[in-house]
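Below is one structure, written out as structure tokens; comments come after it.
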Amino acid sequence: MIEETRTVFWENGQVCMIEQRLLPHEFKIVRYDTYQEVGDAITTMVVRGAPAIGAAAGFGMAIAAFNSQATTVEGLQADLKTAKDFLAKARPTAVNLFWGLERMMRVVEKPGWASADALRQGMLAEAQKIADEDIEINKRMGANGAALVPQKATIIHHCNTGSLATVGWGTALGVVRSAFEQGKDLFVLVDETRPRLQGARLTAWELKNMGVKHMVIADGASGHYMRRRGVDLCLVGADRIAANGDTTNKIGTYNLAVLAHENHVPFYVVAPYSTIDMSILHGDLIEIEEREQEEVTVIQGQRIAPEGSPAGNPAFDVTPNYLISGIVTEYGVIRQPFAVNLAKLAAEIKGKA
Ligand code: MRU
């Protein structure tokens with residue numbers, strides 16, 4: 001039952017994760033005992049994908065609570081603030097990391113904890129809730145997004161947004177899963193997603209396990225397939241969506257969106273409401289993670305660029321809102337104008353809270 005294993009979970013007092021860097025060749029669960037190890041696992045991409053990072057941060061805070069030697073509520077609260085500051089440095093772009101940490105900090109700062117142990121239990125319960133809710137939200141997004149998928153469809157997908165990028169089910173790939181389970185005849189063109197190959201390694205693995213027809217393509221081939229084969233829609237995830245709908249996602253998403261626009265292919269972003277950052281007005285204000293040059297210049301231990309040739313390695317890019325046909329959330333599909341419609345959704349959600 002490999003496909004049903006949660007990407008990140010709590011077991012026997014440890015934070016457990018699927019070691020994604022080994023896939024598709026090896027399926028291994030790694031177990032961590034400290035919040036520092038959890039932070040490193042996020043930085044080094046043992047766990048990756050915005051919602052999975054948010055859930056990992058939640059469990060990181062829970063393990064920090066159980067490891068703290070504090071005997072008073074105040075002492076534990078101080079230790080948890082230190083853990084939060086550490087975890088917040090793990091990766092800069094996916095807002096779900098900060099969303100998860102803030103949610104955990106609301107528990108930390110809730111007045112009236114009777115004891116440090118009660119707060120410890122409260123932390124674990126909240127982390128577990130984030131994880132459980134993630135799957136439920138993804139299934140709702142899956143149903144909302146599946147309504148956009150024709151009965152027979154060719155889809156281009158970028159990066160990995162499946163079960164592995166979340167606690168379970170997935171966002172954009174969750175839409176593919178939901179549409180497939182409804183009996184739709186799907187063919188997915190899987191962008192390999194240089195430089196870390198989340199598409200070729202992880203998305204292809206998930207689609208193969210699900211039995212969905214697919215083909216891995218070089219990132220540069222998507223325009224060719226749009227012109228020659230006919231593509232019905234593009235589905236991508238998001239790491240942070242600004243208040244005007246500009247969307248940060250895996251590097252190459254912007255290229256794909258421009259090609260989709262040029263070829264009149266609908267381009268949908270699929271993301272939970274927690275990925276929308278209403279405090280950021282537009283995408284150019286979002287910090288883009290720059291990763292090591294070797295991710296670009298070295299393949300499987302072998303340097304492919306000449307020594308001395310530097311490489312740029314932005315992990316994400318920003319797709320401007322006008323290239324996006326719709327943003328699929330658990331609350332439905334948000335259409336343009338995004339600045340107006342995202343503000344409306346935010347106000348509705350605030351009203352209900
Ligand atoms: O660098 P990664 O692998 O964490 O980047 C992941 C992506 O860009 C995903 O598309 C995004 O997090 C959405 S996943 C549901």
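The analysis underlying the following values was restricted to heavy atoms, covering all of them including side chains, and did not include hydrogens, waters or symmetry mates. Remember, it's 1-based here, ligands and their atoms both numbered in the order they're listed.
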Between Gln293 and Asn313, do the side chains contain an N or O donor and an N or O acceptor separated by less than 3.5 Å?
-> no

Any atoms of ligand 1 less than 4.0 Å from a non-hydrogen atom of Arg91? List them with their elements.
-> 1 (O), 2 (P), 4 (O)

Of all the heavy-atom pairs spanning Ser115 and Val73, show the shortest one and how long it is.
-> C-CG2, 3.5 Å

For Asp239, the ligand 1 atoms whose distance to one of its heavy atoms is below 4.0 Å = 7 (C), 8 (O), 9 (C), 11 (C), 12 (O)

Could you list the atoms of ligand 1 found under 4.0 angstrom from a heavy atom of Lys250?
-> 1 (O), 2 (P), 5 (O), 8 (O)

Look at the aromatic rings of His261 and Tyr322 and report parallel, tilted or perpendicular, splitting at 30° and 60°.
-> perpendicular

When distances are taken from atom 10 (O) of ligand 1, the protein heavy atom at minimum range is Asn249 OD1, 2.7 Å

Between the side chains of Ser279 and Asp277, is a donor N or O closer than 3.5 angstrom to an acceptor N or O?
-> yes

Proximity to ligand 1 by part of Gln198, non-hydrogen separation under 4.0 Å | side chain

Quick one: does Arg48 get an N or O within less than 3.5 Å of an N or O on ligand 1?
-> yes

Shortest non-hydrogen pair, Ala238 vs Ala50, comes out as O-CB, 3.8 Å

Closest heavy-atom approach to atom 13 (C) of ligand 1 among Gly252, Ala238, Ala165, Pro272 is made by Ala238

Per-atom filter on ligand 1: closer than 4.0 angstrom to a heavy atom of Thr171 are 15 (C)

Counting each atom of ligand 1 from 1 as listed, which ones have a heavy atom of Met45 under 4.0 Å away?
-> 1 (O), 2 (P), 3 (O)

Partner of Asn160 under side chain to side chain donor-acceptor pair (under 3.5 Å), chosen from Arg196, Glu206, Gln198 | Glu206

Going by the 4.0 angstrom heavy-atom rule, the piece of Ala50 near ligand 1 is both

Short side-chain donor-acceptor distance under 3.5 Å, Thr275 and Asn96 = yes

Decide whether an N or O pair under 3.5 Å exists between Gly49 and ligand 1.
-> yes

Classify the contact between Arg196 and ligand 1 as side chain, backbone, both or neither, using a heavy-atom distance cut-off of under 4.0 Å.
-> neither

Do you know the tightest heavy-atom contact between Ala56 and Val8?
-> CA-CG2, 4.0 Å

